[in-house]
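Just so it is clear, the model here is predicted, and its values are computed rather than measured. To find a chain, count down the sequence lines: A is the first, B the second, and so on, and within it residues start at 1.
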4 protein chains.
Amino acid sequence: MTGLTDRQRDIIQVAIRIISRKGIQELTIRNLARDLGITEPAIYRHFQSKSDILAAMLEYLHRDTIAIFDQVQDGESALDRLRDYFSRLFERLRENPATAAVVFSDEAFMNDDRLAATVRALVELTIDNTTNLLTLARENGEIRADVDEYDLATMLAGGVRLLVRRWHMSGNGWDLAAQGRSVIETFVKLVEVPR
Amino acid sequence: MTGLTDRQRDIIQVAIRIISRKGIQELTIRNLARDLGITEPAIYRHFQSKSDILAAMLEYLHRDTIAIFDQVQDGESALDRLRDYFSRLFERLRENPATAAVVFSDEAFMNDDRLAATVRALVELTIDNTTNLLTLARENGEIRADVDEYDLATMLAGGVRLLVRRWHMSGNGWDLAAQGRSVIETFVKLVEVPR
Amino acid sequence: MTGLTDRQRDIIQVAIRIISRKGIQELTIRNLARDLGITEPAIYRHFQSKSDILAAMLEYLHRDTIAIFDQVQDGESALDRLRDYFSRLFERLRENPATAAVVFSDEAFMNDDRLAATVRALVELTIDNTTNLLTLARENGEIRADVDEYDLATMLAGGVRLLVRRWHMSGNGWDLAAQGRSVIETFVKLVEVPR
Amino acid sequence: MTGLTDRQRDIIQVAIRIISRKGIQELTIRNLARDLGITEPAIYRHFQSKSDILAAMLEYLHRDTIAIFDQVQDGESALDRLRDYFSRLFERLRENPATAAVVFSDEAFMNDDRLAATVRALVELTIDNTTNLLTLARENGEIRADVDEYDLATMLAGGVRLLVRRWHMSGNGWDLAAQGRSVIETFVKLVEVPR
DNA sequence: AATGAATGAGACTTCATTCAT
DNA sequence: CATGAATGAAGTCTCATTCAT
């Protein structure tokens, strides 16, 4: 399905963990090999280059984020689907906090055009998903029509991003989902059209 | 004034430019020396270590951000001061787009405790400033009192952050101030109490 | 046995040779690599740091010195064993003159606590061995009892040390064993109890 | 007399102190300048090179050692003069412990032929002085005639050297003069002809 | 698949020394 | 006499990657 072997998946998981715990500067082939319990050249059996590992890692996160969006139920109101979407994002982060770090390591990918494009797409994905749901909400008359949707998406996605960033920097020391829900509900309160 | 020599200021400016254009991974003593037109050891006359260069750079940005907040006029309404504050931030970024990059390179500072703390403080500073102005706005009755201020600050600061980030990633290809004003006004429209 | 790979032994041997010929200041990773016919990074496959190379070298010499002492026969008189011990030390130095230099490079190890302790132990080892044999000799009634053993050990070990040092500084230009025997016999003549 | 300016003497004193406290590896122009409270280029007003500083330092110590020997009284017996000579050496070391370190940094001078020769001469000087006094003592019938004087000188000078070395390595933690006297007296007891 | 050994490039940093002022 | 600024050489060490086995 994903075109990845078991070993490749191992490598990606360990890479994500290293980035999460020590930062992307510590993601070296040496450290990767050590944590995997194999030698450095062995890694090159599974990926042609370090850049390929990072690309596969980003692609994996991309797919995962798409999958989360796809899981969001159809039947609900657009605002409920928005709530559902972010709940699932928070859920994934709680289960696998390491993924958060990768998204904030984007600067590290600047040198490699392919990686830069991929991580950019990853960031845009959440914004696009958010924008689409907001557009739907407006069409449904669930939210006020006198404000720019794109600005709303920027604030919501940006706010959540900032929240996750601080949660990560705090060492995941508090309940992201609770804080996240609070932000989402505040947002809804601001934009919702009273029925 | 800032306790920096001319040459130290040169070095910091060039460092910021390198980070902006190529990313922090390219900020090496070698590249720094090359862009300054001197040899690598010469840099060590002006800073004891690379870490000291980064620390001075962050401190400079910190001071600058504080100065911007201090310039915000007293007499206006809290919301106007909020507008003023972000306008000035956008203005600085337009004049010196390089500074944007540094704030998003935070991951790169993780390994150095001193730097990590400084960059964290830099991020918190904008959030704190925003929160304080929002608190004032509520006390003045300018904004609705039925929503959590901290959530509002998260959305506003996070939204602006995301906007700046995308502007930087796009190669500063569009008018940040205009887009930024739009986000701010949308935010104001959401929270403002009609008179 | 010693826990060292062949390549590690190579490196230690070359290191000892460099110290012997050019002094410890010339023992750089670069010179080591050049003499080994490999590149500098290759050395780090075999030792984690330069300090580790020096530590392994000192440990090797320590073991070697212990082994020499252990080879000294049991059956003889204490004075004969003393003669035997120093003969073997001189023999080793003739076979591997490089080892002499290391013992006189102690100052160079001052900055590294671990190395300083190891080289100090190496120096003390010969003094201790000498003292122990002298104590035995007195208990056997082989030497006069009216003089301080520790002073005797200091003179004997110090005299031999000085001799070796001068032999090394002269470029090993004369017969160390012969001169050494002369010193030992002079010492014995001074302390021996006539039968 | 010595052909040194005041400033040159300052530099030499500070150099000796650095060698004593931190080892010769720490004797850099930078550290020298810092401890002197001047800049690095300023040192080159007073000495043409670092090697010249070391040469002047060794020459100073050489002169000093000669002066000590010259102070030894003429009227006494040769053995008393020997006692006197070493007492004065110990006295100098107590007053200026730093000088001890220099003599044991000889390995560091290996690369520079001029320095190597100077430090070699310094070591030989004490041995020669000792040998000369022992020769005199034998001519006076003060010591036994059946042992090689040169071997005796080796043991005495070597023993004292080892003592000083250990005193230095212990951080000058005990009374060198007392221990030294003990060694000297033990030596005298061994070689003295009873009257 | 995996390993041991190696490599070229480059990282940060220190060294003794020079030169214009 | 002294300084500020700089330099060429060299230091230890890490990086991603390759290759023969």
Without decimals, in angstroms, what is the distance between [X] [atom1] and [N] [atom2]?
X: L115(B); N: dC12(E); atom1: CG; atom2: P; value: 13 Å
X: Q25(C); N: dC15(E); atom1: CD; atom2: P; value: 12 Å
X: N111(A); N: dA16(F); atom1: CG; atom2: P; value: 13 Å
X: I24(D); N: dC15(E); atom1: CD1; atom2: P; value: 14 Å
X: D10(C); N: dA6(E); atom1: CG; atom2: C1'; value: 15 Å
X: I11(B); N: dC12(E); atom1: CD1; atom2: P; value: 14 Å
X: D6(C); N: dA6(E); atom1: CG; atom2: P; value: 12 Å
X: D112(B); N: dA11(E); atom1: CG; atom2: C1'; value: 16 Å

Nearest nucleotide by nearest heavy atom, which residue falls closer to the 5' end of DNA chain F, Q48(C) or S51(A)?
-> Q48(C)
Between the side chain of Q8(D) and the main-chain N/O of H46(D), is any donor-acceptor distance below 3.5 Å?
->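 At least one qualifying donor-acceptor pair exists.
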Main-chain N/O of I16(C) paired to S20(C) side chain as donor or acceptor, under 3.5 Å =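 No, because the side chain of S20(C) does not come within donor-acceptor range (under 3.5 Å) of the backbone of I16(C).
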Would you name the heavy atoms of K22(B) and N111(A) that are closest together and state the gap between them?
->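 Looking at all heavy atoms of both residues, the shortest contact is O-OD1, 2.9 Å.
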What distance do L54(A) atom CG and T118(A) atom OG1 have between them, rounded to the nearest 0.5 Å?
-> 10.0 Å
Quick one: CD1 on I43(D) to OG1 on T39(D), what's the gap to the nearest 0.5 Å?
->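 Nearest 0.5 Å value for the CD1-OG1 distance: 8.0 Å.
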Only one of L122(A), V119(A), L58(A), L27(A) passes side-chain contact (heavy atoms from CB on, under 4.5 Å) with V102(A); say which it is.
-> L58(A)
Secondary-structure string, 5' to 3', Watson-Crick or G-U under 3.5 Å, | for another-strand partners, for DNA chain E | .||||||||||||||||||||
Is the shortest distance from a Lys or Arg side-chain nitrogen in D52(B) or R114(B) to a carboxylate oxygen in the other one below 4.0 Å?
->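 Salt bridge present between D52(B) and R114(B).
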Should R34(A) and E26(A) count as an ion pair when the cut-off is N to O under 4.0 Å?
->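 No, no charged N to carboxylate O under 4.0 Å.
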Taking it one step at a time, do I38(D) and R7(D) satisfy side-chain contact (heavy atoms from CB on, under 4.5 Å)?
-> CA-CA 11 Å; I38(D) 59 178; R7(D) 206 59 163 144; 3.0 Å; yes
Taking only heavy atoms on the protein side, list every residue of residues 26-47 of chain C lying under 4.0 Å from any atom of DNA chain E, sorted numerically.
->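 Residues of residues 26-47 of chain C under 4.0 Å from DNA chain E: I38(C), T39(C), P41(C), A42(C), R45(C), H46(C).
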